[in-house]
K.L.:
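Before I ask anything, let me first share the structure, which is written out below as C-alpha cells.
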Amino acid sequence: MHSPRRVHPLQRREDPCPTILSHSIPSLSLCPRKTSRFIPSVTFPTMSVSIFLLWLVSIPLIIHADELPAPRGFFISCGSSNEVEVGGLKYNRDEPYISVGKNSTIRQPDLLPILSTLRFFPDTSARKYCYTFRVVQGGKILVKTIYYYGGFDGGRHPPVFDQIIDGTKWSTVNTTEDYNNGLSSYYEIIITAHSRKMSVCLARNEHTFSSPFISAIELVYLEDSLYNSTDFKNYALSTVARHSFGNDGDIISFPDDQFNRFWQPFKDNNTVVTSQFNITPSEFWNMPPAKTINDAITSSQGKTLRVKWPPFSLPSSNYYIALYFQDNRTPSPNSWRVFNVTVNDKNFYTNLNATTNGVTVYATQWPLSGENEIVMTPESDMPVGPVINAGELFQILPLGKRTFAKDVTAMEQLARSFDNPPSDWIGDPCLPKENSWTGVTCSEGKYARVVSVNLTSINLSGLLPESIDTLTALTSLWLGGNDLTGPIPDMSSLKALQTLHLEGNQFEGSIPESLGTLPKLSEVFLQNNKLNGSVPDSLTNRYDIKFQVSPGNHLSE
C-alpha cells in the first residue's frame, strides 16, 4: 500500500508516500514565459510495478479567501442538505449528480462543513456507485475527491474501496491510517473529458468490508496551456506531490491558486530567500500562484544545491516533473543564475538561466525510484548559487479502453426507459470490466461492445425503447419475468442476436416481422405477454429457431 501525506482537520502536517504503475520514455522541455523548446529524448529502460497508483494527499482545512471569482467547474458537498461555503468556495448539494446512496452527518466539533456530511453506499449488490457531471467535451479537468470517515457507521476503521473515473480505475482509497491519526484525505487527478459526461465512481473490492463513502468532490476546468505536453487522449496525471520550496506556512490554495490546486510547504536545511520582484503567475508555464514562487531555497556562491524531493521514497515508475525557478534579486543586468540540473545523477537540464522573470523546466515522462535528489550545480563564474522555488510531481496514468460511443448512448436510453433500472446503471456500462452494469456483458476489443443484457425477473417496469436496435453487437437479450409494457420494437439491425427472451411481461401489439430476418437468431421466447395479430411468416418459416409464443398472448394463425 502506501504511507500518505496527510493533514489534521484543524492543522497541517506531512508524511510519506505512494505506490505507482507506469512505463517510460522521458522528454524534457524548458518553458520560459509559456514558450517551449524541446530537448532530444533520452531512452530509459521500461520499469513497472504490479499495482496502480494508490496516492493519497492531504486536504488543507484553512483557506484564505478574497473576493475573487470561483474556479469554473463543480464543487460538491456530499450528503449535505444545503449549500455550504469554505474559504470563498461554495459547495452545492450532491443530489442532482447521483441517485443512489444514503446521507450521514459527522457530529464532531470544529469540522469544516464539507467534512461534516458524507454520502455512503450500503448496497452490496451494486458494482459501482457513480456521480455524473455534464462537462465540456475536450475540457481539461482537475478532479479532487475528499474523504473524512468520522466513524459515521459506528465502526472503528474506514472501508477500503476503489475509485473509477470514466471507466478507468484511478486508485484505491484507504484512509485507515489517516483516520487513526485524526486526519482527512484527498485524491487528485488531471484528465480530459472525452465526452459530454464525466463519471466519478466508487466501487467495492476484495478489501471492502463496510460501506464506501465520500465527503466532497471538485471538478475544476484548467486552462488549455496547463500541462499541455501530456497526451491526454491516452493518459491522465495523478498527483503525487506539489510543493512550494522555502515556505513553512499554510498550504497555498484558492484564492492564491485560481484552480484551487494545493501547494504543500517544503523546507529543508538549505537557505531560504524571498523574491524582491513582482511575480506574474501567467508568465510561468502551468501558472503556479505568485505566493508559491515568492520563496525559494538556495545555496551560496559556487556551492551545489542539493534537494531531496519529494520527501518520501517512490517505487519504480514514470512521472511528469515540473520545476519552477526565479531569481529572487532585484532586476538588473547582472540578474543571472546559470546552473545545470540533474535528477538522480541524470542530466535534466543544462545551462538553465533562472532570471527574475522566471522559468519552468518539465519532463513529460521521467523514471524515478526510491529516494530522489535534485542537484543544481552553478556555472563557475556565477556570483550567486542556484535557486529553486517549487515543484510538481504526477504519476502518468494510462487510461483504460473505451466503450463504443453508440453503445453508451443506447444503454443510457435503455436505462431511462426503465422505471427502476439497477442502481449501478450509470457511468460507463462496460468498464472497468469487473464494474460493468449489473446484467451487462461486454466484449474486449479495441472498443468495448455490449454483447449481452440479462435482467431476468428483477421486477423491471417501463418500456423497451427503439434505441435497442443500435446495439449492433448484441448476441443475447433476456428481459423475461418482469413487468415491461408497450410494443416490441424493431430489431432489424441486431444481426448478431442469437437469443431473445421477453416472456412473462406485458408487451402489447404485434410481433415485429424483422425478427425472422436476423441470421443468427436461434431462440425467441414471447409467451405470457399481451401480444396480438398473427405470427410473422418470417418466423414460422424458420425451422432453425426455437420459437415459443404460448401460453398467453392473443395471436391468430
Side-chain angles (χ1 to χ4, degrees), residues 2-18 20 53-64 86-87 112 115 142-148 171 175 177-178 181-190 218 220 226-227 237-270 272 274 281 284 286-297 307-314 319-326 360 362 368 371-374 388-395:
H2 59 281
S3 300
R5 292 190 299 118
R6 46 197 182 265
V7 64
H8 188 275
L10 302 176
Q11 301 175 350
R12 294 169 182 75
R13 53 175 288 190
E14 287 199 17
D15 262 354
C17 151
I20 300 171
L53 171 69
L54 306 179
W55 176 235
L56 185 60
V57 285
S58 319
I59 173 173
L61 301 166
I62 301 174
I63 301 176
H64 303 291
V86 177
L112 286 183
L115 301 181
L142 184 148
V143 179
K144 194 178 297 169
T145 53
I146 300 170
Y147 299 93
Y148 185 66
S171 60
T175 63
E177 185 178 352
D178 281 358
N181 289 283
L183 309 174
S184 59
S185 314
Y186 77 84
Y187 293 73
E188 184 184 279
I189 194 168
I190 298 172
E218 298 179 14
V220 177
L226 270 64
Y227 315 105
L237 296 178
S238 192
T239 305
V240 174
R242 184 183 288 115
H243 283 100
S244 174
F245 295 149
N247 174 27
D248 60 357
D250 290 338
I251 293 172
I252 299 169
S253 59
F254 181 82
D256 298 297
D257 190 304
Q258 62 179 297
F259 309 109
N260 201 33
R261 293 171 296 183
F262 296 158
W263 299 79
Q264 301 274 352
F266 177 95
K267 197 171 182 181
D268 58 10
N269 294 325
N270 288 299
V272 174
T274 299
F284 281 85
N286 296 336
M287 299 173 64
K291 188 178 287 188
T292 297
I293 307 299
N294 191 60
D295 295 315
I297 53 179
V307 182
K308 292 188 180 298
W309 183 82
F312 40 75
S313 179
L314 296 174
Y319 302 84
Y320 176 108
I321 307 173
L323 303 176
Y324 303 91
F325 307 89
Q326 190 254 351
T360 303
Y362 68 82
L368 298 176
E371 300 290 337
N372 299 277
E373 185 176 49
I374 303 169
I388 186 169
N389 300 71
E392 291 185 277
L393 186 65
F394 301 88
Q395 182 236 354

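Small disclaimer: the values here were computed from a predicted structure and weren't measured.
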K.L.:
Might you point out which heavy atoms bring His243 and Pro311 nearest each other, and give the distance in Å?
P.N.:
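Heavy-atom minimum between the residues: CE1-CD, 3.8 Å.
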K.L.:
Ignoring hydrogens and angles, tell me if any N or O in the side chain of Asn181 forms a donor-acceptor pair with the backbone of Leu183 under 3.5 Å.
P.N.:
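No, the answer is negative, given that no donor and acceptor are paired below the 3.5 Å cut-off.
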K.L.:
Kindly write out the residues that satisfy ring pair (Phe, Tyr, Trp, His ring centres under 6.0 Å) with Phe325, not counting sequence neighbours, or none if the list is empty.
P.N.:
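Result, ring pair (Phe, Tyr, Trp, His ring centres under 6.0 Å) vs Phe325: Phe339.
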K.L.:
Would you say Asn389's side chain and Asp295's backbone share a donor-acceptor pair under 3.5 angstrom?
P.N.:
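Yes, because the side chain of Asn389 sits within donor-acceptor range (under 3.5 Å) of the backbone of Asp295.
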K.L.:
Rounded to the nearest 0.5 Å, what separates atom CG in Asn247 from atom CD1 in Ile252?
P.N.:
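Taking CG in Asn247 and CD1 in Ile252, the distance rounds to 4.5 Å.
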K.L.:
What distance separates Asn269 CG from Lys308 NZ, expressed to the nearest 0.5 Å?
P.N.:
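Between atom CG of Asn269 and atom NZ of Lys308 there are 11.5 Å.
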K.L.:
Between Tyr187, Tyr186, Phe254, which is the residue that forms a ring-ring contact (aromatic ring centres under 6.0 Å, His included) with Phe262?
P.N.:
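Considering Tyr187, Tyr186, Phe254, a ring-ring contact (aromatic ring centres under 6.0 Å, His included) with Phe262 is found only for Tyr186.
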K.L.:
Please identify which of these residues, Asp268, Asn372, Leu323, meets the side-chain contact (heavy atoms from CB on, under 4.5 Å) condition with Trp309.
P.N.:
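Answer to the side-chain contact (heavy atoms from CB on, under 4.5 Å) test with Trp309 among Asp268, Asn372, Leu323: Leu323.
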K.L.:
Report yes if some heavy atom in the side chain of Phe284 is under 4.5 Å from a heavy atom in the side chain of Gln326; otherwise report no.
P.N.:
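Heavy-atom side-chain distance check passes, below 4.5 Å.
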K.L.:
Tell me the closest heavy-atom pair linking Trp263 and Pro289, and the distance in Å.
P.N.:
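Scanning both residues completely, I find the closest heavy atoms to be NE1-CD, 3.4 Å.
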K.L.:
Between Ile190 and Leu226, is there a side-chain heavy-atom distance shorter than 4.5 Å?
P.N.:
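No, every pair of side-chain atoms sits at 4.5 Å or beyond.
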K.L.:
Does the side chain of Thr145 come within less than 4.5 Å of Tyr147's, by heavy atoms?
P.N.:
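A side-chain contact exists here, since the closest heavy-atom pair is under 4.5 Å.
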K.L.:
With a 4.5 Å heavy-atom cut-off, do Ile251 and Pro265 have their side chains touching?
P.N.:
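The answer is yes, as the side chains (C-beta and beyond) meet within the 4.5 Å cut-off.
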K.L.:
Would you say that Tyr148 contacts Ile146 through its side chain, given a criterion of any heavy-atom pair below 4.5 Å between the two side chains?
P.N.:
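Sidechains of Ile146 and Tyr148: no contact.
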K.L.:
State, to 0.1 Å, how close Phe259 and Val220 come at their nearest heavy-atom pair, and which atoms those are.
P.N.:
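Shortest heavy-atom contact: O-CG1, 3.7 Å.
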K.L.:
Find the distance between OG1 (Thr274) and CD1 (Ile293) and round it off to the nearest 0.5 Å.
P.N.:
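It is 13.0 Å, given to the nearest 0.5 Å.
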K.L.:
If you compare all heavy atoms of Ala390 against all heavy atoms of Phe245, which two are closest, and at what distance to 0.1 Å?
P.N.:
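Where Ala390 meets Phe245 most closely, the heavy atoms are N-CD1, 3.6 Å.
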K.L.:
So, do Leu314 and Val240 sit near enough that their side-chain heavy atoms are less than 4.5 Å apart?
P.N.:
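Yes, at least one pair of side-chain atoms sits under 4.5 Å.
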K.L.:
Using the rule given for side chain to side chain contact (heavy atoms under 4.5 Å, CB included), can you reason through Leu368 versus Leu393, listing the C-alpha separation, both sets of side-chain angles and the distance that settles it, and then say yes or no?
P.N.:
CA-CA 11 Å; Leu368 298 176; Leu393 186 65; 3.8 Å; yes
K.L.:
Keeping the roles fixed (side chain from Asn286, backbone from Tyr227), state whether a donor-acceptor pair exists under 3.5 Å.
P.N.:
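Yes, because the side chain of Asn286 sits within donor-acceptor range (under 3.5 Å) of the backbone of Tyr227.
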K.L.:
Please list, chain by chain and in numerical order, all residues satisfying salt bridge (charged side-chain N to carboxylate O under 4.0 Å, His left out) with Asp257, sequence neighbours excluded.
P.N.:
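For Asp257 the salt bridge (charged side-chain N to carboxylate O under 4.0 Å, His left out) partners, ignoring immediate neighbours, are Arg261.
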K.L.:
Looking at CD of Glu392 and OG1 of Thr292, how far apart are the two atoms once the value is rounded to the nearest 0.5 Å?
P.N.:
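Spacing of CD (Glu392) from OG1 (Thr292) equals 8.5 Å.
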K.L.:
So, do Phe266 and Val307 sit near enough that their side-chain heavy atoms are less than 4.5 Å apart?
P.N.:
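Side-chain contact under 4.5 Å: yes.
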K.L.:
Calculate, to the nearest 0.5 Å, the distance between atoms OH and CD1 belonging to Tyr362 and Ile321 respectively.
P.N.:
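The OH atom of Tyr362 sits 13.0 Å away from the CD1 atom of Ile321.
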K.L.:
Find the distance between CG (Leu115) and OG (Ser184) and round it off to the nearest 0.5 Å.
P.N.:
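Result: 5.0 Å between the selected atoms.
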